[in-house]
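Comments concern the structure below.
Throughout, a chain's letter reflects where its sequence line sits, starting with A, and its residues are numbered from 1.
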Amino acid sequence: MRSKVVLGRLLHNRQARYGGIALILLIALAYIGPYLGAYDWTDKDFLAFLSPPDADHWWGTTSIGQDMYAVTLRGMQKSIVIGLLVALFATGLAALVGAFAGYFGGWVDKVLMWGVDLLLVLPSFLIIAIISPRLRGASWLWFVVLLAAFAWMITSRVVRSMTLSLREREYVQAALYMGIPRWKIILRHIVPNLSSLLIIDATLNVSGAVIGEAALSFFGFGIQPPDVSLGTLIAEGARNATGYPWLFAFPAGLLVLLVLAINLIGDGLRDALDPGSNS
Amino acid sequence: MSILEVRDLTVTFPGGIQAVRGVSYDVAQGEVLGIVGESGSGKSVTSLAIMGLLPQNAVVSGSVKLHGQELLGMEEGELTRVRGKAISMIFQDPLSAFTPVYTIGEQIAEAVRVHQKVGKDKAARRAVELLDLVGIPHPDVRAKAFPHEFSGGMRQRAMIAMAIANDPDLLICDEPTTALDVTIQAQVLEVLKTAQAETGAGIVMITHDLGVIAGMADRVLVMYAGRPVEQGVVDDIYYRPRMPYTMGLLASIPRVDGEQDTLVPIEGNPPSPAALPPGCPFAPRCPMHIDACDDEEPPLTQIGGGRYVACIRSREIEHKGMTGADVFPVPVIPPSDVARVPREERETVLELDNLVRHYPLMKGAVFKRRVGTVHAVDGITFDIAEGETLALVGESGCGKTTTLQQIMQLTPPQSGRVVVLGKDSSRLDKAARKALRGDLQIVFQDPMAALDPRMPVGDIIAEPLRAHGRKNVSQRVAELLTLVGLAPEHAERYPQQFSGGQRQRIGIARALALEPKLIVLDEPVSALDVSIQAGVINLLEELKNRLGLSYLFVAHDLAVVRHLADRVAVMYLGRIAEIGAVENVYDRPAHPYTQALLSAIPLPDPEMERSRKRILLEGDLPSPADPPSGCRFRTRCPKFARLSEADKRRCVDEEPSVARLARAKDHGAACHYAEEIEVITASEHQEEQ
Amino acid sequence: MGKFLLRRLATNVILIALAASLAYMLAATTMNPRGAYEGRQPPVAEEVIDATLDAYNLNDKTPVFERYLTWAGGVVTGDFGKTWNGGSVNEEMGRRIMVSLRLLLIGTLLGFALGVAVGAYSAVRQYRFSDRAIGVSSFVVMAVPVFLLATLLAIATYNLNRGLGFTLIEYTGEYNPRLSGWDQFLNRLNHLILPTISLTLGSIAFYSRIQRNMMLDVLNQDFVRTAMAKGLRRRTALFKHALRTALIPSATYFAFAFGTMLTGAIFTEKIFSWHGMGAWLVDAINQNDVNSVAAVSLFTAVCVLFAAFLSDLLVASLDPRVRVS
């Protein structure tokens, strides 16, 4: 019933509609696009180094003859997967930590929030960058874990403060007075009632993670070669952006579009899930 | 000569929601027009439309003339010269109606300076004068305070001061006392009367409280589903209602003077403004409904001098001289078996012995620190026998909610004892506590907040059953739904799909699921409209009698308490002021606080209201962090003020405890100079005799 | 009030100490300064490397906790240790700290002030063309990460300057050392243009969204209605009553946005070749320069907590409800 209303409102929201269409097209491009191109991303065309876009290489080639179209889409796949995984982990962690801290209060709250404060003191970029030398040669999944591990703190504070008010809600008290264990109350009554916030947050975390990955990869602290992501491609392209703009323009443009589409959906979701909010 | 003429005012919101559908009325100089109606009847929207303060997407049509000048469609520049000058408005919730970051004085001075060419200093001085006029002590100091530093009653006084700053011709009061406690309400209504005397303004008084209207209004307009259904002089409306809705409304209000035995509920719910029935909007709930009612909506027609009724059977009602009791069937509630056993021989289900609960008082949001101790509950003692309802009454801040939480938590109290069904809460282990929870359940105040919006009703009711490992859950859920007057198929719906009264029934069904012995009712009907409230009160009474339940009924509405309770305990600042059987406490209150409380409650009876003598209390409730020495009530006690200096000493030095009054069997008061008097119907007239 | 400020300060000092220690531990365990010496031609003897590393407190053969204690002992007395090749971290920091602070200060103030102004304007003009235009642009800006924005700005300026045939806007470095006096000042300002844009645009967009939403929330509240019922014009009511109240939540975001600002500064400095703390961090990580990384981390922690502290003070000054009387 409620999901239908939300969906209706979401479809009514122009931002969300454009964002949704754009995202579907981008995902289709990332996952179906490679089958349409003539080259695989690992192929090297030794006859065309740094060739501008033409009929054969739609988006041109790199300095080692890779097909930019294939490589960029491959990079976008990786960026999307990283974004989704990070958002899932980060939001999940934020929900659990925030809800437990807010509901139990006392020393649980104090310890958890001190941890959050501590992690907030240093920007996540800095910490991941420091750890990154260790990650050379490790699986990219570790990178996902790191990004997620430093992306949940602010949400967990919001979750905590909302839990503090939810805890006083009468239906939560009613559950307590029925003799239902506290952890069950958190999972059954508190977290589901935060779902609007969490869905919105998860959406925005996807774009945050995509940007975060790209930012780290820009300095070589992220995804390591031979693997590619939008970030590594942009870093590569930026060096020669004036001479060979296609190396920079395609990954950069796709990154902006991807982030924009996700943000638009996130903002639309906020309007649809939270009828009290404006616009 | 009318100040304000409203003609055929309609307000439509996007989506075709017709909130107001043709309202017409006049207000003359010095006249008070009362507009009554339940939530959603369009009464507040009407007043905002007159002020031109509705959101920009609302479509307003019709005519609103002030001194013959049309206000609708007026340019903003011209309208700003009228707003706050010729028409002022007093809003319901004075906390949100003041800007939190400016002082009260600044905000009143601003109102002065918008319309009068005076300097800043002069405006500030005028603000202080106005605050003094509405009875705020130390107005020069208080003018520098921020809204959050004012109590609710003080804020509403300040609101009135701001409204009369420019000597308006018309005051629109939108539920001005709804958010206030009853003794504060009495004070604020007095201030309003003073303000009216000062300005000679006409007043439009919007409220759902028929008691307030009875005491204030000259004429009354009754609204239902966005339209006036009856209009007339106040006595006509109260004593000779001609529209079944008005009749039902009057019959459904619980009265503190205990004039009626059983409340008469109006079945059903008001129609949604998006889906109005084709004929009379009240027809689906009306016992006098005939086929012709569904044909078309009856117009508001004049039936005698200044009387208007929108009902095709009004002539018949008039002719037969029918009353609410004739039109609406009076429900029959089966008597209780337990009540026949004398109280002493019944089991005690709840016993509180000298219960204490103190909180640390924290201050500051960014920088927190402990600044004192809140004496929320400071030694209270009472017990409840099987099959009995004890009401715990008092104004906000008196500690009744803390008491209730302390009981429900089943944890050892800071001091004193809580004994539920013979089991001391300080000696319970985890398993015993959980088992005891099955016998002790609660129904909350706000029926929306009490039900998890993300669970279907069936799961909500089943939750306690599953938690306690009961079998045949779905069968029991169906039984429970039937028991509270809902249908078993409602189990699949979500709480949002029910009206307030139905939600409260769901809450009751959940409380009954484990077949408890004692149910704690936390203001169970205060969030409901009167016509719905009566049905829930009757249901509670019926369930108690049928199932042999005991209730601890926490409430601030003394009229409702009189209907439901057997015994009543009046709380003031964490202590019990008076306790005893309902008849004793209501008819012969002995504590000055109880007396003031009872006399402050407005009666839905204009004649009585006109002649009634009120005991007005001075000031606000003292902070529970710093209660007065000795008797906690002495700072506001009218009796204390009249005592000799020698007698006063005792009140200051010695804290009174509840002492049984000599004459009554079940009646005690915590006052050194307790004296039983009658207050509810006390009038000036009687005083003279 | 003073007592609470002191307590707050004490908590912050502890947090800074913890954060910096954490950063040092991470850097000391993940980085390998030895690598820079081992790969040399001709090869350096192991004892020599050890001796050098010992002198810089960078030897991985010393237990990490011991190295930490040496480092922490130094920091307490104001000595941040040696860089990977024996330079003084203190001196390096002295050269760089003002560069970063200038950038951060201008970026933060400008971002907050302009963002709030744009957001408030947008809210007042809700649903009009200007509101929509601001909304769309802020979404686009927020979708462009700083490193992309900075790169784009650099490319655009490069092309612009080439097209004009002279350097209209500087896009690399902090100032021209050959100039002096007034010219030097103007040249510094010129060099500031691009980094400031790339650093502030994002936070303008961020604050404008927040301020707009907060204003709109406040707009429908009772007290704005009261202000209009008094006889104030809608516009006056909005500016006097809504804007002031809606500033409070924006101020609480101040602390949070500062972390993002710091990250942005790293990219801005690096891309426009400013020798600030951010650029140093990137270089230090690439050079396995443990002590420099730790020093930058400490600087960052101090900045973040100072911003949080300022944000608290700002909220307290804006909102009488949170003040302790």
Side-chain angles (χ1 to χ4, degrees), chain A residues 14-15 19 114 117-135 153-154 157 204 207 210-212 214-221 230-231 234-235 237-239 241-242 245 248-249 251-253 255-264 267 270 276-279, chain C residues 11-12 15-16 18-20 22-23 26-27 29-32 123 126-127 131 135-136 139-140 142-148 151-152 154-155 158-159 162 209 212-213 215-217 219-220 255-256 258-263 266-267 270-271 281-282 285-286 288 293 296-297 300-301 304-305 308:
Chain A
R14 203 149 27 133
Q15 287 178 2
W114 250 86
D117 277 345
L118 186 62
L119 287 177
L120 276 174
V121 171
L122 292 175
S124 57
F125 178 88
L126 189 142
I127 303 182
I128 300 176
I130 295 177
I131 303 174
S132 67
R134 265 289 161 91
L135 291 182
M153 290 87 70
I154 289 176
R157 284 190 151 257
L204 297 177
S207 59
V210 170
I211 290 187
L216 284 160
S217 299
F218 188 78
F219 285 138
F221 299 146
L230 288 180
I234 292 170
R239 269 169 235 146
T242 36
F248 178 70
L255 177 78
V256 171
L257 281 180
L258 186 62
V259 172
L260 187 60
I262 298 167
N263 282 351
L264 285 176
D267 207 60
R270 193 196 309 272
S277 78
N278 277 287
S279 83
Chain C
T11 329
N12 283 355
L15 273 175
I16 290 171
L18 278 175
L22 191 80
L26 274 179
T29 46
T30 56
M31 288 173 184
N32 177 25
Q126 193 189 6
Y127 298 137
D131 174 39
V136 170
F139 264 107
V140 173
M142 281 193 288
V144 182
V146 182
F147 63 90
L148 211 54
T151 314
L152 285 172
I155 296 171
Y158 171 78
N159 287 327
R162 210 175 51 169
R209 291 304 296 175
R212 177 181 180 272
N213 288 342
M215 278 276 281
L216 290 180
D217 278 352
L219 231 62
N220 294 328
F256 159 66
F258 195 74
T260 318
M261 178 71 72
L262 276 168
T263 312
I266 299 176
F267 293 96
K270 198 71 192 144
I271 289 165
L281 174 77
V282 176
I285 291 174
N286 286 331
N288 289 309
V293 168
V296 178
S297 305
T300 314
V304 167
L305 286 174

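Note on C:Val136, C:Leu281, C:Val282: by heavy-atom pairs under 4.5 Å with chain A, the leading option is C:Val282. The candidate with the highest count of non-hydrogen atom pairs below 4.5 Å against chain A, out of C:Ser297, C:Gly259, C:Ala308, is C:Ser297. Each of A:Val210, A:Leu257, A:Leu122 has some count of heavy-atom pairs under 4.5 Å with chain C, and the biggest count is that of A:Leu122. Between chain A and the residues C:Val293, C:Ile285, C:Thr29, the most heavy-atom pairs under 4.5 angstrom are made by C:Ile285.
At a 4.5 Å heavy-atom cutoff, C:Ile16 makes no contact with chain A through either its backbone or its side chain. The parts of C:Val140 that come within reach of chain A are both its backbone and its side chain, each placing non-hydrogen atoms under 4.5 angstrom from that chain. Looking at C:Leu305, the atoms closer than 4.5 Å to chain A (heavy atoms on both sides) all sit in the side chain, from C-beta outward. Heavy-atom distances place the side chain of C:Asn286, and not its backbone, under 4.5 Å from chain A. Both the backbone and the side chain of A:Leu260 come within contact range of chain C, each with at least one heavy atom under 4.5 Å from a heavy atom of that chain. Only the side chain of A:Ile234 has a heavy atom closer than 4.5 Å to any heavy atom of chain C.
Side chains of A:Gln15 and C:Phe139 form a contact here, defined as non-hydrogen atoms less than 4.5 Å apart. Looking at A:Leu255 and C:Pro145, their side chains come closer than 4.5 Å, going by heavy atoms from C-beta outward. The closest side-chain heavy-atom distance from C:Phe147 to C:Ile266 is not below 4.5 Å. Counting only heavy atoms from C-beta outward, the side chains of C:Arg209 and C:Arg212 approach each other to under 4.5 Å.
The aromatic rings of A:Phe219 and C:Phe267 sit parallel, their planes meeting at an angle under 30°, below the 60° perpendicular limit.
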- Query: Going through the checks in order, is the side-chain contact (heavy atoms from CB on, under 4.5 Å) test met by A:Ile128 and A:Phe221?
  - Reply: CA-CA 8 Å; A:Ile128 300 176; A:Phe221 299 146; 6.0 Å; no

- Dump the intermediate steps for side-chain contact (heavy atoms from CB on, under 4.5 Å) on A:Arg157 and A:Asp117, then the final yes or no. CA-CA 10 Å; A:Arg157 284 190 151 257; A:Asp117 277 345; 2.5 Å; yes

